[in-house]
Every structure is written in C-alpha cells, then in structure tokens.
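Accompanying notes for the structure given below.
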Amino acid sequence: MEKKTSDDVYNPATAPEHWIRAQDSLKTRLVLGDDFAWLLHDDDKPELDATVLRYVGGVDVSYAKEHPTAACGALVVLDLTTLEVVYEDFSFVHLNVPYVPGFLAFREAPVVLELLEKMKISGHPCYPQLLMVDGNGVLHPRGFGLASHLGVLADLPSIGIGKNLHCIEGLSEAGVRQLFTAKAELGEEYIALHGQSGCILGAAMVSAQGSTKPIYISTGHRISLASAIRIVKLTCKFRVPEAIRQADIRSRAFLQRHLKLCLDH
DNA sequence: GCGACAG
DNA sequence: ATCTTGTCGC
C-alpha cells in the first residue's frame with residue numbers, strides 16, 4: 001500500500017515556515033551563470049567536436065475545474081533544429097497540496113521530477129539538455145521559484161517563463177509597460193527587470209509579432225539571463241516558447257482523455 | 001487596514 | 001490554473 005510521507009500531508013499551519021526553510025536550503029545549491037557543456041547553434045564554434053544544444057525539455061501541469069485534486073503532469077522534449085516534439089510523457093495524479101503564491105514548486109515539482117527520473121533511468125537518447133518551465137526562476141519573493149527548484153533537484157540547466165508578472169520588489173505591469181514604450185524606439189525587444197536593490201531579476205520580452213503582452217524570463221539554474229533570452233528567442237513560434245506551449249496543450253488533452261475514460265469505467 | 005498574489 | 005465559440009484581422 002502507499003505510504004504517506006510528510007510531503008503528502010498538507011498542514012496549513014506549518015507548511016509556510018517548512019517550505020521557506022526548504023527553499024532556503026535548496027537555494028544554497030543554485031548556480032546563476034552558464035554551466036553547461038553544449039553550445040548554441042549560432043555560436044562561433046572553433047571546437048568542432050563540441051556538442052550543440054539539441055534536446056530542449058518543456059514541462060507543465062494541467063488541472064480540471066470539476067476535479068479539484070486531479071492533475072496531469074507533462075514532459076515533452078523538442079528537437080531544437082525543427083521545434084518538433086520528439087518525446088512526450090504524462091502522469092495523472094491527485095494532488096493534496098494547494099497552490100500558494102510563492103510556493104508553486106511544492107504543488108507541481110514532484111510529478112515533473114517523477115517524469116524526468118523515469119525518462120533518465122530508461123536511458124532515452126533524447127533526455128533534455130535544458131529544461132523550460134511554466135513558472136518563474138529567480139524572479140520570486142525569495143529568489144527561488146519553480147524553475148530554480150526543478151533545475152536544482154534535476155541538476156539541469158533551467159529557464160523560468162512567467163505568462164504573468166509576479167509583482168515583487170516594486171515591479172508592476174504598469175511599470176513594465178512604461179519601460180517598453182520608452183525603449184520601443186530603440187528597437188529593444190526586451191527590457192531588464194531591476195529589483196529595488198538594483199539587481200536584475202529577469203527580463204520582460206514581447207516574443208510574438210501580434211502580441212503586446214510580454215512574457216517574463218528568468219534564470220532557473222545553471223544559465224545566465226543572457227543565454228536564457230537567446231534560447232527563448234530560438235524557441236518562440238508564438239508568444240509562449242514552443243516547449244512549454246506543447247507541454248501545456250498536450251497535458252490538457254491528456255487530462256481530458258483520462259477523465260473521459262474514467263467515466264466509461 | 002486593504003489589495004495583490006507565478007500556476 | 002480551470003471553460004470555450006465564434007469571430008476579427010492579416
């Protein structure tokens with residue numbers, strides 16, 4: 001039988017302080033600069049034997065309104081040369097942990113880590129060299145959002161993508177809009193997000209032609225913001241980078257299929 | 001005190 | 001996050 005661990009039980013009275021300690025502990029392992037062996041395809045590459053980034057992972061978790069505890073985690077892998085999906089896997093689970101702003105990882109990370117571990121031990125040749133995450137990295141109240149959490153625990157370079165701004169350190173959508181109108185004439189396609197302390201937390205970028213709403217990019221783990229921005233540009237067919245977009249679309253479809261099958265039985 | 005708050 | 005058809009525009 002399944003054994004309940006402390007992770008399975010959500011105690012609203014103790015969870016916040018427990019979670020903060022866990023985030024602070026994991027954060028000691030966070031690497032903010034480029035720390036990977038591969039190159040980007042458009043890099044100058046004098047080393048002919050160097051590996052080029054090819055397999056980009058995307059993860060997401062979907063939910064169904066009528067079943068509040070039901071969730072579907074998805075892991076997809078894209079071939080960067082074609083932006084086609086070369087691997088997909090899903091996991092239907094029941095979540096006991098609620099969404100609490102600032103603590104998304106405690107709800108969504110376990111199912112994603114399970115999918116990554118399953119692929120890794122299978123020895124699949126397309127195991128991702130980089131992970132793109134639906135949620136922020138260091139653009140987070142304690143500098144350790146879902147993308148950083150997953151990057152550290154999976155020991156993978158990771159990029160955080162927010163579709164909405166998590167307003168911390170005085171950041172606001174209105175402020176971002178103003179910066180964009182000011183920088184638009186300079187041909188800048190993204191703007192740096194400066195915290196009150198002056199450090200750069202991430203970037204806002206208008207990633208698609210017809211879109212005015214930016215996405216919010218931040219370092220997850222083992223990658224610089226500059227490299228993260230380059231990779232996001234390489235993977236955006238639409239506003240949301242393709243790896244995350246495919247994980248989102250396919251996890252939603254899988255969840256609906258799964259729920260429909262449950263009704264028949 | 002009040003509102004805001006990644007997914 | 002979740003639900004959802006048509007419809008406006010290039």
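Side-chain atoms are counted along with the backbone in the values below, which use heavy atoms only and exclude waters and symmetry mates. Chain letters run A, B, ... following the sequence lines, proteins first and then strands; every chain starts at 1.
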Interatomic distance where NE2 belongs to A:His67 and P belongs to C:dT2 [whole Å]: 14 Å
Output the rounded distance in Å from NZ (A:Lys260) to C1' (C:dC3). 14 Å
Rounded to whole Å, how long is the line connecting atom CZ of A:Phe103 with atom C1' of B:dA6? 13 Å
Round to the nearest Å and state the distance from A:Ile215 atom CD1 to B:dA6 atom C1'. 14 Å
Kindly say if A:Arg252 contacts the phosphate of C:dT2, meaning a side-chain N or O under 4.0 Å from OP1 or OP2. yes
Would you mind telling me which of A:Val76, A:Asp79, A:Leu78, A:Val56 makes a side chain to side chain contact (heavy atoms under 4.5 Å, CB included) with A:Val86? A:Asp79
Just the rounded figure in Å: distance from P of C:dT2 to CG of A:Leu259. 12 Å
Measure the distance from NE2 on A:His166 to P on C:dA1 and round it to the nearest whole Å. 14 Å
If only side-chain N and O atoms of A:Asn164 are considered, is one of them under 4.0 Å from the OP1 or OP2 phosphate oxygen of B:dC5? no
Heavy atoms only, 4.0 Å cut-off, all strands: where does A:Gly145 land among base, sugar-phosphate and nothing? base
Hey, does the side chain of A:Tyr99 come within less than 4.0 Å of B:dA6's phosphate (OP1/OP2), counting only N and O? yes
Positive for ring pair (Phe, Tyr, Trp, His ring centres under 6.0 Å) with A:Tyr10, one of A:Tyr99, A:Phe106, A:Trp19, A:Phe103: A:Trp19
Under 4.0 Å between a side-chain N/O of A:Gln256 and OP1 or OP2 of C:dC3, yes or no? yes
Pair A:Thr69, A:His94: side-chain N/O donor-acceptor within cut-off below 3.5 Å: yes
Euclidean distance, atom CG of residue A:Asn136 to atom C1' of B:dC5 [Å, nearest integer]: 12 Å
Rounding to an integer number of Å, can you tell me how far A:Lys65 NZ sits from C:dA1 P? 14 Å
Quick one: closest heavy-atom pair of A:Gly220 and A:Leu30, and the distance? O-CD1, 3.1 Å
When we call it a touch if two heavy atoms are under 4.0 Å apart, what does A:Ile168 touch: a base, just sugar-phosphate, or nothing? nothing
Nearest heavy-atom pair of A:Ser25 and A:Thr28: which atoms, and what distance? O-OG1, 2.7 Å
Between C:dT2, B:dG7, B:dC5, which one does the side chain of A:Asp134 approach most closely? B:dG7
Sugar-phosphate only, base, or nothing, as touched by A:Gly160 at under 4.0 Å among non-hydrogen atoms: nothing
